[in-house]
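Let me begin by presenting the structure, written as structure tokens, before commenting on it.
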Amino acid sequence: MPGYAMLVPFAVLFIVFLVWPLLNSLWFAFTNYNGVKPPQWVGLDNFQRLWFEDERFRKAIANSFIYVVAAVTLTTVLSLVLAVAFRGTSWRDRIMRTLFFLPAVTSTIAVALIWRWIFSVEEFGLANTVIGWFGIERVQWLASPGWTIPILVLMAVWGGCGYGMVIFVAGINAIPEEHYESARLDGANGWQQFWYITLPQLKPVTTYVVITGLISAFQLFEAIYIIFRAVSSVGGVQDSGLMLVPYLYDMGFTKFQLGYASAIAWTLFIIIFVVSMIQIRVTRALKEL
Amino acid sequence: MRRNLWPTIARLPLYVFGLTMLVPFYWMLTAAFKPVPELTKNPPDFVPRDPTVDAFYDSVYDPDVRHDQVVPGLFQRFVDVPGGFWRFMFNSLLVATTITVLSLLLASLAAYALTKMDLPGRRVIFVVIVASMMVPWQVSLIPNYLIVRNLGWLNTYQAYIIPALAKAFVVFFLVQYMRSIPNELIQAARVDGAGEWRIWWRVVMPLMRPALAAMAIFVVLGEWNNFLWPLVIVQDDTMANLPVALSRMNASLAFNPQNMAVIMAASLLTSLPTVIFFLLFQKHFTRGIALSGIKG
């Protein structure tokens, strides 16, 4: 009996605020619902409109994919390089790890505000000052659609490489030292040791870093909301920063199309699910080679 | 000698890169202490010429007199919010600590029941918990908003706390960790006549300390920086947490660069607690992240 008593508090909250809402949102996705009048069943209409007719959604998907690929690739590679360079226990390595990890513990909103100030359009913006040193003319960073995704990627790399680095360091330190010793006896140089021992041994860790990176990158919201929100929509100039969660927020909480927003939410789930499945499959296949 | 020098030289660009990591923080720090004219100076100064705390509290500012140059400081700005800026700090602290303590208690109880007690159906329950982790939380955002609204909880602490207590990932993580605690230990305690609640609290919880610390850090950070959910449930300024207060301040002030020092001062105060916390408990932080990372 005490077993169930111990489980019940968690189970009740889990069902009321997680399982039930999930089922609810699945049902909303097939309805027309504005939050006031009861939901109206419309079948696949929301998904039909979303996937085949909605220009803004197409833009949001395209932006998301470009951003995700760029941000995750750069962050993962850089994290690995940093982990290999600063995996030790010396004070220098520890300080460097602290430096890179710092953004991960800082409020995302505060960070977004700092970047907004750095990229401010006027010449007192840090970014414009720095390029000014090289004689480049100032850029309207936040008002140029072409710069939106590069700025978001820069922020993602700055904010994410410390987290990946810490996980890679843990992975590297778990590799038995004997592997390296016998490789050295066979005359392997540093690069060969990295390529034939470190990298293959890190495959599960890399999978983890890439999957969590993908999942969180697809859920990007704060940076766009703070830096690129235009007066009328959350997507920024010409929707250049519109992605899945900002679009969900826009539809759900500024336009009150709750059914349609739920369809966006489940599309987000489908994308994340498919991408992680592909990732797991590919890694498993690579392992068997 | 040559062998020891090369790695350092190869790492040089990375050291430089590490320093550039600090630039945004430095920029925030200096901007928060720059007087208004320096904020819009072209090109900007890298060191404030005339540092001031006006962005926090401007002694010259007088609400009854219209000024052109004087901007109210951060602590003077929220006259309509009882407690001013500290109210947001209080909200953030209260919400983050309550959620962390309660969710860890609930999750560790559930994890104990699922791993160390012979409950019929515990496999199924665990599978459901793990499966729920696959769905991004934004999927449940709208129904959760409607539940909270229908309960009349908008603008309340309940709305922050209660929906955030069921953390599937924490249960999953604690279950993984609890499996490493030998069953014989618990059997021995049972033979000695200890009840299940007592075993959970006196035997298992102390052994779980590293896992609980890792999860506490994970939850505190997440809740301190939580934005989208508070954005949705909070309409009244007095109930805003720091991120929401920051974003509102930004929306109303950012069009004027003169206000930027105030925004940066607020960002500084928002970031400081977690950064200090991190610097103090660094080892636990990174170990916690690595632990929850690798096994997650």
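Because only heavy atoms are used, hydrogens play no part in the values below, and waters and symmetry mates are left out as well, while side chains stay in. Below, read A as the first sequence line, B as the second, and so on, with proteins coming before strands; counting in each chain starts at 1.
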Item to check | B:Arg11 side chain reached by A:Met96 side chain, heavy atoms, under 4.5 Å | outcome: no
Checklist outcome for this item: On a heavy-atom basis, the closest approach of A:Leu268 and B:Gln138 is CD2-OE1, 4.1 Å
Next on the checklist: Tell me whether the rings of B:Phe46 and A:Trp133 are parallel (<30°), tilted (30 to 60°) or perpendicular (>60°).
Outcome noted: tilted
Checklist outcome for this item: For A:Phe14 and B:Ala168 the tightest heavy-atom approach is CE1-CB, 4.1 Å
Next on the checklist: Does any backbone or side-chain atom of A:Leu113 lie under 4.5 Å from a heavy atom of chain B? Answer side chain, backbone, both or neither.
Outcome noted: both
Item to check | Donor-acceptor pair, side chain of B:Thr274 and main chain of A:Val105, under 3.5 angstrom | outcome: yes
Checklist outcome for this item: Honestly, the part of B:Leu279 sitting under 4.5 Å from a heavy atom of chain A is side chain
Next on the checklist: Can you tell me which portion of B:Leu39 sits under 4.5 Å from chain A's heavy atoms? Options are side chain, backbone, both or neither.
Outcome noted: both
Checklist entry - Which answer fits B:Lys116, side chain, backbone, both or neither, if we ask what part of it has an atom under 4.5 Å from a heavy atom of chain A? => result neither
Next on the checklist: Between A:Arg116 and B:Asn250, is the side chain to side chain contact (heavy atoms under 4.5 Å, CB included) condition met? List the steps.
Outcome noted: CA-CA 10 Å; A:Arg116 200 193 147 96; B:Asn250 177 55; 4.0 Å; yes
Next on the checklist: Need one label for B:Leu114: side chain, backbone, both or neither, based on atoms under 4.5 Å from any heavy atom in chain A.
Outcome noted: side chain
Checklist entry - In terms of heavy-atom proximity below 4.5 Å to chain B, should A:Pro204 be classed as side chain, backbone, both, or neither? => result neither
Checklist entry - A:Leu258 versus chain B, heavy atoms under 4.5 Å apart: side chain, backbone, both or neither? => result both
Checklist entry - If you round to the nearest 0.5 Å, how far is OG1 of A:Thr106 from CZ of B:Phe278? => result 9.0 Å
Checklist entry - Is there a side-chain contact between A:Trp115 and B:Pro24, using heavy atoms and a 4.5 Å cut-off? => result yes
Next on the checklist: Taking every non-hydrogen pair under 4.5 Å, which of B:Thr270, B:Leu165, B:Ile162, B:Ile263 racks up the most with chain A?
Outcome noted: B:Ile162
Next on the checklist: A side-chain contact here means heavy atoms from C-beta on lying under 4.5 Å apart; do B:Val23 and A:Leu126 qualify?
Outcome noted: yes
Checklist entry - So how far is it from A:Leu99 CG to B:Leu22 CG, rounded to the nearest 0.5 Å? => result 4.5 Å
Item to check | Minimal non-hydrogen separation, B:Leu119 against A:Gly3, with atom names | outcome: CD2-CA, 3.8 Å
Checklist entry - Yes or no on side chain to side chain contact (heavy atoms under 4.5 Å, CB included) for A:Ile226 and B:Leu246, after CA distance, side-chain angles and deciding distance? => result CA-CA 10 Å; A:Ile226 294 294; B:Leu246 262 183; over 6 Å; no
Checklist outcome for this item: Okay, A:Leu244 and chain B: the region with an atom under 4.5 Å from a heavy atom over there is neither
Checklist entry - Could you state the interatomic distance from CE (A:Met6) to CG (B:Leu105), rounded to the nearest 0.5 Å? => result 11.5 Å
Item to check | Interface moiety of A:Phe269 toward chain B, non-hydrogen atoms closer than 4.5 Å | outcome: both
Item to check | Residue B:Val232 versus chain A: region with a heavy atom under 4.5 Å | outcome: side chain
Checklist entry - How long is the span from the OG atom in A:Ser262 to the CG atom in B:Leu141, to the nearest 0.5 Å? => result 9.5 Å
Checklist entry - Which region of A:Thr98, side chain (C-beta onward) or backbone (N, CA, C, O), has a non-hydrogen atom less than 4.5 Å from a non-hydrogen atom of chain B, or is it both or neither? => result both
Item to check | A:Pro9 versus B:Leu106, closest heavy-atom pair with distance | outcome: CB-CD2, 3.4 Å
Next on the checklist: Heavy-atom cut-off 4.5 Å, strictly under: side chain, backbone, both or neither for B:Met264 against chain A?
Outcome noted: side chain
Next on the checklist: So which residue, B:Ala31, B:Pro43, B:Ser267, B:Gly195, ends up with the most heavy-atom pairs under 4.5 Å with chain A?
Outcome noted: B:Ser267
Checklist entry - Where on B:Phe227 is there a heavy atom nearer than 4.5 Å to chain A: the side chain, the backbone, both, or neither? => result both
Item to check | Residue B:Gln282 versus chain A: region with a heavy atom under 4.5 Å | outcome: side chain
Checklist entry - Minimum heavy-atom separation for A:Ile109 to B:Ser247, with atom names? => result CG2-N, 4.3 Å
Checklist entry - Under 4.5 Å between any side-chain heavy atoms of A:Asn24 and B:Ile147, yes or no? => result no
Checklist entry - Are any side-chain N or O atoms of A:Trp158 and backbone N or O atoms of B:Met21, one a donor and one an acceptor, separated by less than 3.5 Å? => result yes
Item to check | Contacting moiety of A:Tyr4, where chain B heavy atoms sit under 4.5 Å | outcome: both
Checklist outcome for this item: Cut-off 4.5 Å, heavy atoms of chain B, and the answer for A:Trp27 is neither
Checklist entry - In terms of heavy-atom proximity below 4.5 Å to chain A, should B:Tyr15 be classed as side chain, backbone, both, or neither? => result both
Item to check | chain A contact via B:Tyr112 - side chain, backbone, both or neither, heavy atoms under 4.5 Å | outcome: side chain
Checklist entry - Side chain, backbone, both or neither: which part of B:Leu231 has an atom under 4.5 Å from a heavy atom of chain A? => result side chain
Next on the checklist: Can you tell me which of B:Asp118, B:Val275, B:Ile129 forms the most heavy-atom pairs within a distance under 4.5 Å of chain A?
Outcome noted: B:Ile129
Item to check | Pairwise side-chain contact, A:Phe28 with B:Leu146, heavy-atom cut-off 4.5 Å (strictly under) | outcome: yes
Checklist entry - Where on A:Phe86 is there a heavy atom nearer than 4.5 Å to chain B: the side chain, the backbone, both, or neither? => result side chain
Next on the checklist: One pair to check against side chain to side chain contact (heavy atoms under 4.5 Å, CB included): A:Phe124 and B:Glu38. What are the steps and the verdict?
Outcome noted: CA-CA 9 Å; A:Phe124 54 78; B:Glu38 272 186 52; over 6 Å; no
Checklist entry - So which heavy atom on A:Gly252 is nearest to which on B:Ile142, and how close? => result CA-CD1, 4.4 Å
Checklist entry - So what's closer than 4.5 Å to chain A heavy atoms on B:Trp200: side chain, backbone, both or neither? => result side chain
Checklist entry - How about B:Trp153: does its CH2 atom have over 12 heavy atoms from other parts shown lying under 6.0 Å from it? => result yes
Item to check | Contacting moiety of B:Pro13, where chain A heavy atoms sit under 4.5 Å | outcome: neither
Next on the checklist: Nearest 0.5 Å, please: how far is OG in B:Ser140 from CG in A:Leu26?
Outcome noted: 12.5 Å
Item to check | Exam field: side chain A:Arg229 to backbone B:Ala251, donor-acceptor pair closer than 3.5 Å | outcome: no
Next on the checklist: Is B:Val128 in contact with chain A via its backbone, its side chain, both, or neither, using a 4.5 Å heavy-atom distance?
Outcome noted: both
